[in-house]
Amino acid sequence: MSDALKYTDFEQACIAQALRRVARKVTRRYEAALRPVGLTMGQFTTLAALARPEAVPLTVLAEQLGMDRTTLTRDLAPLERRGLVASTPSPDDGRVRAIALTDAGKELLSLAVPLWYEAQAESARLLDGADWAPIREQLDRLSA
């Protein structure tokens with residue numbers, strides 16, 4: 001049994017476990033900041049990705065967010081019910097759904113962005129001066 005993985009070794013060495021733990025804690029920080037506008041971090045991210053002049057095909061949005069289409073469709077449902085996003089058939093191909101912010105979505109996003117900046121500043125402070133750009137590059141390599 002000498003080759004058995006000890007939890008302390010796993011906890012220190014496992015990249016996935018460390019990233020999941022950090023992601024949960026960081027997400028809680030951002031969600032606490034966004035609570036006054038009633039958004040989760042995932043919902044904020046989706047709204048922010050839609051902050052553009054034209055509607056975005058669902059498949060393109062899913063790819064940009066690193067999600068599969070079915071998960072994104074499920075995540076969009078509460079935003080649609082709240083009237084924050086609208087789904088319409090693409091003018092080029094009626095089988096393709098295009099997603100866009102509604103006026104209500106744009107308004108809520110404008111209220112949420114300053115709250116997000118507060119959480120972002122706190123996260124940067126906790127990085128204690130570390131340069132975020134190379135950290136982000138390394139994380140992007142892990143997700144490739």
Side-chain angles (χ1 to χ4, degrees), residues 3-93 96-144:
D3 289 342
L5 179 65
K6 296 178 185 127
Y7 181 73
T8 54
D9 295 337
F10 167 79
E11 185 178 34
Q12 293 301 310
C14 184
I15 294 168
Q17 188 273 344
L19 290 173
R20 289 175 58 86
R21 179 177 42 81
V22 169
R24 285 189 294 269
K25 290 182 177 189
V26 171
T27 297
R28 281 196 293 268
R29 177 179 311 119
Y30 281 82
E31 289 190 348
L34 293 168
R35 195 168 293 124
V37 292
L39 291 174
T40 66
M41 187 57 200
Q43 291 170 335
F44 174 83
T45 301
T46 300
L47 295 178
L50 290 168
R52 53 182 90 191
E54 71 286 338
V56 182
L58 181 71
T59 54
V60 172
L61 182 61
E63 184 177 308
Q64 290 173 346
L65 293 172
M67 303 171 75
D68 60 65
R69 281 185 23 240
T70 57
T71 301
L72 180 57
T73 297
R74 186 183 65 240
D75 288 358
L76 284 169
L79 298 174
E80 286 186 272
R81 283 193 299 273
R82 287 178 66 183
L84 303 174
V85 299
S87 171
T88 58
S90 170
D92 300 329
D93 183 347
V96 175
R97 285 178 51 203
I99 313 298
L101 283 178
T102 63
D103 288 341
K106 291 173 187 173
E107 184 177 327
L108 185 64
L109 185 59
S110 72
L111 296 173
V113 166
L115 303 173
W116 174 84
Y117 273 117
E118 289 176 22
Q120 186 77 350
E122 177 64 7
S123 293
R125 185 190 70 72
L126 290 168
L127 284 172
D128 198 28
D131 187 3
W132 171 241
I135 296 169
R136 172 66 192 256
E137 287 175 21
Q138 290 175 9
L139 292 172
D140 287 342
R141 274 199 304 275
L142 272 176
S143 69

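Every heavy atom of this structure was used, including side-chain atoms; hydrogens, water molecules and symmetry mates were not.
The closest donor-acceptor contact from the side chain of Glu63 to the backbone of Val60 lies at 3.5 Å or more, if one exists at all. A donor-acceptor pair under 3.5 Å is formed between the side chain of Thr102 and the backbone N or O of Gly83. Of the possible donor and acceptor atoms, one in the side chain of Thr73 sits under 3.5 Å from a partner among the backbone N and O of Arg69.
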Evaluation steps, side chain to side chain contact (heavy atoms under 4.5 Å, CB included), between Gln43 and Leu79: CA-CA 8 Å; Gln43 291 170 335; Leu79 298 174; 3.9 Å; yes
Before giving the answer on side chain to side chain contact (heavy atoms under 4.5 Å, CB included), spell out for Arg29 and Leu126 the whole-Å C-alpha distance, their side-chain angles and the decisive distance to 0.1 Å. CA-CA 11 Å; Arg29 177 179 311 119; Leu126 290 168; 3.0 Å; yes
Test Leu19 against Leu139 for side chain to side chain contact (heavy atoms under 4.5 Å, CB included), laying out the working first. CA-CA 9 Å; Leu19 290 173; Leu139 292 172; 3.7 Å; yes
Under the side chain to side chain contact (heavy atoms under 4.5 Å, CB included) criterion, do Leu50 and Val56 qualify, and how do the steps go? CA-CA 7 Å; Leu50 290 168; Val56 182; 4.1 Å; yes
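Two residues are said to be in side-chain contact when any heavy atoms from C-beta on lie closer than 4.5 Å; Val96 and Leu58 fail this criterion. Looking at heavy atoms from C-beta onward, Leu34 lies out of side-chain contact with Glu118 at the 4.5 angstrom threshold. Considering only heavy atoms from C-beta on, Leu109 comes within 4.5 Å of Phe44 through its side chain.
Note that the CG atom of Asp103 and the CG atom of Leu84 stand 11.5 Å from one another [nearest 0.5 Å]. Taking CG from Leu61 and CG from Leu76, the interatomic distance works out to 6.5 Å, rounded to the nearest 0.5 Å. Separation of atoms OH (Tyr30) and OG1 (Thr45) is listed at 9.5 Å; rounding is to 0.5 Å. Distance CG/Leu72 to CD/Gln64: 10.5 Å, rounded to 0.5 Å. Between Leu101 atom CG and Ser110 atom OG the span is 10.5 Å, to the nearest 0.5 Å. The CD atom of Glu54 lies 6.0 Å from the CZ atom of Arg52; values are rounded to the nearest 0.5 Å.
The two residues Ile135 and Ala130 make their nearest non-hydrogen contact at CD1-CB, 4.1 Å. Of all the heavy atoms in Arg82 and Leu108, the pair that sits closest is NH2-CD2, 3.5 Å. For Ala32 against Pro36, the heavy-atom pair with the smallest separation is O-CD, 3.9 Å.
Glu31 has no carboxylate O lying under 4.0 Å from a charged side-chain N of Arg28, or vice versa, which leaves the two without a salt bridge. A salt bridge is defined here as a Lys NZ or Arg NE, NH1 or NH2 lying under 4.0 Å from an Asp or Glu carboxylate O, and Glu80 with Arg97 meets this definition.
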